[in-house]
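Have a look at the structure below, then the notes.
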Amino acid sequence: MNPGFEQLPARLIAWFDRHGRDLPWRKDRTPYRVWIAEIMLQQTRVETVVPYYRRWLETFPTVEALAEASETDVLKIWEGLGYYSRARSLRRAAEIIVRDFRGELPADLNRLKKLPGIGPYTGGSISSIAFANPIPALDGNVRRVYSRLFDIEAPLKSKESEAELEKISAALYALPEVRARPGDYLEGLMDLGATVCLPAAPRCVACPWAESCAAKARGVQTARPVVLKKAPVPAYLVAAAVIADSDGRVLLTRRPKNGLLGGLWEFPGGKTEDGESLEDCVRREIREELAVEFTPIRPFGVYRHAYTHFKITLHAFVGTIPADSKPKALSADALDWAAPEQLNAYPMGKVDRLIARKWLTETRLNEPDPQSKESGSPRTKRGKTIKE
DNA sequence: TAAACGTGGTA
DNA sequence: TTACCAAGTTT
């Protein structure tokens, strides 16, 4: 092990006491608050999470409130955070916690890990931060810090690397300083990774562990951890339909619960096939999904978006379906005609939210002059109700 | 087991 | 613009 191995925890905790970040979920460390924060922080930056965390706690202040919420309520608060199964898992877990644990999160690691959305890392982090159990937890920050501290040369995702990291972690968690303050040790590790031991440009001058860092001693800190190159993601050309009825309501469909953007609403459409035009694509998709004949009238924006493992260029079209036709939700989970003032209440992913906003903008523009005596009042009301 | 699963920030 | 990255879990 590195020289001064036994001194590592004490130095980190002292650094954390002085330089640890002041974050909303560190104010009142109830298990519920820790749980919500840990789930939101999965693969998500702290700065992104903060406003979502505040809104969530206001809307669902307790496990019971969350258990009683609808999936739509939960997804709406989560909108924009990504990895939406996290939100649905939270709600399901809340139901289980109310039913099986009288509304209290279990302190036991094995029980925690049985709850939906809680895996090895989150189980360990809740256990150590909320319940002061010295359970090792490895996340991206911790892996990067240890990879440098011990100059691990095996690729980060390899079995060798993972085994070494677990061995290091276990050895550190055997030390009394960690066992005394497991939550602070873990959060100190996180903060070190997030503010000092940065991925591209580590600030070793500010690091409490610099003198013990094997990668720094060899000058290879920026080359650790070893990350394998990722394969380029495929790009798809997509078309979607904006279909309005005579009252100006638009047709939305709800995506299946599982899979990409599960449970969110969208403007119906899909990927083009080889050689297929965008117009042909959207006509075919609407026929397949809704069993009606769509006629594209005019383009309604081009939207580029990158998901985790592919990217799209989506062309939206405003168009019509026959007045006497009635769309059926064939492949979608549900179908709805959304009035403009209701559009914001439907949880959506990024691209569909952009389309919805554009639709709202145009709808407002086409409304009668708000100064005229006839329609001034409704316009004002709508403008206040819709938050974007 | 490897692939699926979002989004926004940064170089 | 592209590529990579950020407190992982599920299947």
Side-chain angles (χ1 to χ4, degrees), chain A residues 16 20-21 23-26 33-53 75 78-90 92-93 112-130 136-146 155-159 162 165 183 185-195 197-202 222 225 227-235 255-264 266 303-313 347-354:
Chain A
F16 178 65
R21 290 172 292 179
L23 301 170
W25 44 89
R26 290 179 178 173
R33 290 169 59 88
V34 171
W35 173 41
I36 300 303
E38 288 302 322
I39 299 294
M40 284 192 171
L41 286 162
Q42 289 170 3
Q43 302 287 282
T44 313
R45 304 180 117 84
V46 163
E47 315 85 75
T48 306
V49 166
V50 170
Y52 282 89
Y53 180 78
L75 286 172
W78 201 272
E79 182 180 308
L81 250 193
Y83 289 132
Y84 295 92
S85 68
R86 292 183 293 172
R88 300 205 322 275
S89 292
L90 273 175
R92 280 198 294 139
L112 278 173
K113 282 199 290 192
K114 279 182 189 149
L115 294 169
I118 298 182
Y121 163 74
T122 306
S125 71
I126 294 174
S127 205
S128 45
I129 297 169
L138 292 174
D139 80 309
N141 284 309
V142 181
R143 288 189 171 93
R144 181 173 61 257
V145 171
Y146 288 167
L156 188 58
K157 298 221 165 160
S158 67
K159 279 187 176 171
E162 192 61 18
L165 287 166
Y185 178 75
L186 178 59
E187 290 189 322
L189 225 29
M190 307 285 200
D191 284 14
L192 188 68
T195 66
C197 198
L198 301 165
T222 54
V227 222
L228 274 38
K229 279 220 174 76
K230 283 151 198 159
V233 298
R255 299 179 59 90
K257 301 287 179 199
N258 298 309
L260 187 74
L261 305 174
L264 299 187
E266 67 177 1
Y303 308 83
R304 292 176 198 291
H305 190 68
Y307 294 97
T308 311
H309 56 293
F310 65 92
K311 52 190 175 183
I312 64 166
T313 303
M348 292 180 185
K350 183 67 198 301
V351 171
D352 292 279
R353 181 55 64 203
L354 288 175

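In the text below, chain A, chain B and the rest are named by the order of the sequence lines, each starting its count at 1.
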Q: Verify the neighbour count for atom NZ of A:K257: are there more than 12 heavy atoms of other residues, nucleotides or ligands below 6.0 Å?
A: yes
Q) Rounded to the nearest Å, what distance is computed from the CZ atom of residue A:R304 to the C1' atom of nucleotide C:dT2? A) 13 Å
(Q) Please report the distance separating the P of C:dT1 from the corresponding atom of B:dG8, rounded so that it comes out in whole Å. (A) 16 Å
Q.
Between B:dG9 and C:dT9, how many Å separate the two P atoms, rounded to a whole number?
A. 25 Å
**Q.** Minimum-distance pair of heavy atoms, taken over all atoms of A:A87 and A:L75
**A.** CB-CD2, 4.2 Å
**Q.** Spatial distance of atom CD (A:E187) from atom CG (A:N141) [nearest 0.5 Å]
**A.** 12.0 Å
Q: Apply salt bridge (Lys or Arg N to Asp or Glu O under 4.0 Å) to the pair A:E162 and A:K157, showing each step before the final yes or no.
A: CA-CA 7 Å; A:E162 192 61 18; A:K157 298 221 165 160; over 6 Å; no
**Q.** Pairwise P distance for B:dA3 and C:dA7, with rounding to whole Å
**A.** 23 Å
Q) When we call it a touch if two heavy atoms are under 4.0 Å apart, what does A:G259 touch: a base, just sugar-phosphate, or nothing? A) sugar-phosphate
(Q) So A:I118, base contact, sugar-phosphate only, or nothing? Heavy-atom distance under 4.0 Å. (A) sugar-phosphate
Q) Just checking, any donor-acceptor pair under 3.5 angstrom between side chains of A:S125 and A:E38? A) yes
**Q.** Start and end of the DNA chain B segment that chain A contacts, any atom under 4.0 Å from a heavy atom
**A.** B:dT1 to B:dG8
Q: Name the nucleic acid region contacted by A:L186, choosing base, sugar-phosphate or nothing; use a 4.0 angstrom heavy-atom cut-off, strictly under.
A: nothing
**Q.** Ring centers of A:Y307, A:H305 separated by less than 6.0 Å
**A.** yes
**Q.** Beyond-backbone contact of A:L186 with A:V142, side-chain heavy atoms, under 4.5 angstrom
**A.** yes
Q: Assess whether salt bridge (Lys or Arg N to Asp or Glu O under 4.0 Å) is satisfied between A:R26 and A:D191, documenting all intermediate values.
A: CA-CA 12 Å; A:R26 290 179 178 173; A:D191 284 14; 2.8 Å; yes
Q: Indicate, with a heavy-atom threshold strictly under 4.0 Å, whether A:A306 touches base, sugar-phosphate, or nothing.
A: base
Just the atom pairs and distances: protein N or O near nucleotides 4-8 of chain C's N or O, under 3.5 Å.
residue	atom	partner	partner atom	Å
C:dC5	OP2	A:K230	NZ	3.0
C:dC5	O2	A:R45	NH1	3.4
C:dA6	OP1	A:R144	NH1	2.8
C:dA7	OP1	A:N141	OD1	2.1
C:dA7	OP1	A:N141	ND2	2.0
C:dA7	OP2	A:N141	OD1	3.4
C:dA7	O5'	A:N141	ND2	2.9
C:dA7	O4'	A:D139	OD2	2.8
C:dA7	N7	A:E38	OE2	3.3
C:dA7	N6	A:W25	NE1	3.1
C:dA7	N1	A:R21	NH2	3.1
C:dG8	OP1	A:G140	N	3.1
C:dG8	OP2	A:Q43	N	2.8
C:dG8	OP2	A:Q43	NE2	2.7
C:dG8	O3'	A:T122	OG1	3.4

Q | Given DNA chain B, 5'-ward residue of the pair A:K159 and A:H309, judged by closest heavy atom | A | A:K159
Q: Have a look at A:S125 and say if it touches a base, only the backbone sugar-phosphate, or nothing, with a 4.0 Å heavy-atom cut-off.
A: nothing
Q. Does the side chain of A:R92 pick up a donor-acceptor pair with the side chain of A:S85 at under 3.5 Å?
A. no
Q) When the C1' atoms of C:dA6 and B:dG6 are considered, how many whole Å apart are they? A) 12 Å
